[in-house]
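Report on one structure; see the data block that follows.
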There are 2 protein chains.
Amino acid sequence: MRPTKRDELVQKALQAFYQNGFHATGMDMLVKETGISKTSMYKHFRTKEDLILAVLRLRDEHFRNWLYRRIEELADTPKEQMVAMFDALEEWFDEDGYKGCMFIKASSEYQDSSHPIHKQSADHKRMLESHFTAIAKEAKLSNPDAIARQLLLLKEGAIVTAHLGHTENPAQDAKRAAITLIEACSN
Amino acid sequence: MRPTKRDELVQKALQAFYQNGFHATGMDMLVKETGISKTSMYKHFRTKEDLILAVLRLRDEHFRNWLYRRIEELADTPKEQMVAMFDALEEWFDEDGYKGCMFIKASSEYQDSSHPIHKQSADHKRMLESHFTAIAKEAKLSNPDAIARQLLLLKEGAIVTAHLGHTENPAQDAKRAAITLIEACSN
DNA sequence: ATTTATATTTACCGATCGGTACACTATATA
DNA sequence: TATATAGTGTACCGATCGGTAAATATAAAT
């Protein structure tokens, strides 16, 4: 299957939602920015919500692929890879147009935990957690679940702090904290 | 000056914005939920944005007052107080209707860093930072600025994680990490 | 008693919201 | 060549968006 207009729509909608927010981005704005007619959009997605869910699916795929690969490029051993996550994050924060985490944003606009958009955002975080728990196990750290959760707290904190922009280099702060935490459960 | 309708409006608007989000809460909904006429609202605030800024000012005052006081109630020494922050956070997360941090939400919906709402949200975080830096200095920790920033990363991470709801007890995870980090810069 | 500030109700504005109806066109495959 | 698939433009729907006009009521302060 070659790239369809549908894929193009989802990709461009991702940009628009990421830069402007979900409620603030209307379907008419999407028509303007994508050049795709509203009729076509509604042939592919029954509602705006369905489109957002597809956007989040794409974002999840792209982000996790990027992060997992980048970490492997930056470090060899599992223990070093957990630290390298924060170098990868710093690269992301430094990108033009960085506007925080799409899933945190989504859960900020669709707050009810029973809302499909909220649920799907939580799923994304869960997948990150299990991935880093696995790495922590490879690294033979004591209490791999706990250290993975702690590092991910630092990650989420760095993401929102980088977006708020009130400290200089949250990725490096998080990295130093991560090193201390990993040290503390290494034997 | 006694409590005016204006104060009542700001307080009820805070609830509505916190529970439903900023874009998702229209001025007409505010009329319904507060019983205050739209004309009165626009006598007090020129625009919705002005109202939001007033709401954020109130929220900043309430939240900081609550957190600072609660921490002092929970612990005596500066070092213990820094850890106690996470017990205070856990109480907050367990409240009915907990929906994350109002300022993270605000910056998620008004993403441009030059936007007044975004700026004011960053100011809130800055004030927290200087407060906890001062406590870290009192505690005679080496590198008090760094440890304060690290603990606040854990705090922000716990806040969004508690809202996403994908882990069991992020406040306790953050607390354990905080203890390790504080230990590491105590001599 | 009169002013002033604060509040009210009702109705309205143009713009935009998410979503649809309808008629039409290009393309690829069977 | 027939037929489905994917796409188009335009016009429209009722509802809601943020915000305003005008006329009026209330009550405390001068």
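Below, chain A is the first sequence line, B the second, and so on; all start at residue 1. For the numbers below, each heavy atom of this structure counts, side chains included, while hydrogens, waters and symmetry mates do not.
Classification of the B/H163-B/Y98 ring pair by plane angle, with boundaries at 30° and 60°, yields perpendicular. Between A/F103 and A/H124, the ring planes are parallel. Angles under 30° get that label, and only those over 60° would be called perpendicular.
By the 4.0 Å N-to-carboxylate-O rule, B/R70 lies close enough to B/E91 to be salt-bridged with it. Between B/E109 and A/K105 there is no salt bridge, since none of the side-chain N atoms of the basic residue sits less than 4.0 Å from a carboxylate O of the acidic one. Residues A/E61 and A/R57 are not paired through a salt bridge, judged by the lack of any N-O separation under 4.0 Å between the basic side chain and the carboxylate.
Phosphate contact (OP1/OP2 of D/dT20, side-chain N/O of B/Y42, threshold under 4.0 Å): absent.
A heavy-atom distance below 4.5 Å is not found between the side chains of B/T167 and A/L152.
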Reading nucleotides 3-12 of chain C 5' to 3', which nucleotides get B (base under 4.0 Å from a protein heavy atom), which S (sugar-phosphate only), which -? ----BBBB--
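In this structure, CG of A/D7 is placed 12 Å from P of D/dA6, rounded to the nearest angstrom. Rounded to a whole Å, the CE atom of B/M27 is 21 Å from the P atom of C/dG14. In this structure, NZ of B/K48 is placed 4 Å from P of D/dG18, rounded to the nearest angstrom.
Within a heavy-atom distance below 4.0 Å of DNA chain D, no residue of residues 11-26 of chain A is found.
B/K79 NZ to B/I147 CD1: the interatomic distance, rounded to the nearest 0.5 Å, is 10.5 Å.
By the criterion of side-chain heavy atoms lying less than 4.5 angstrom apart, applied directly or through intervening Ile, Leu, Val, Met, Phe, Trp or Tyr residues, A/L74 is not grouped with A/L154; the two fall into different hydrophobic clusters.
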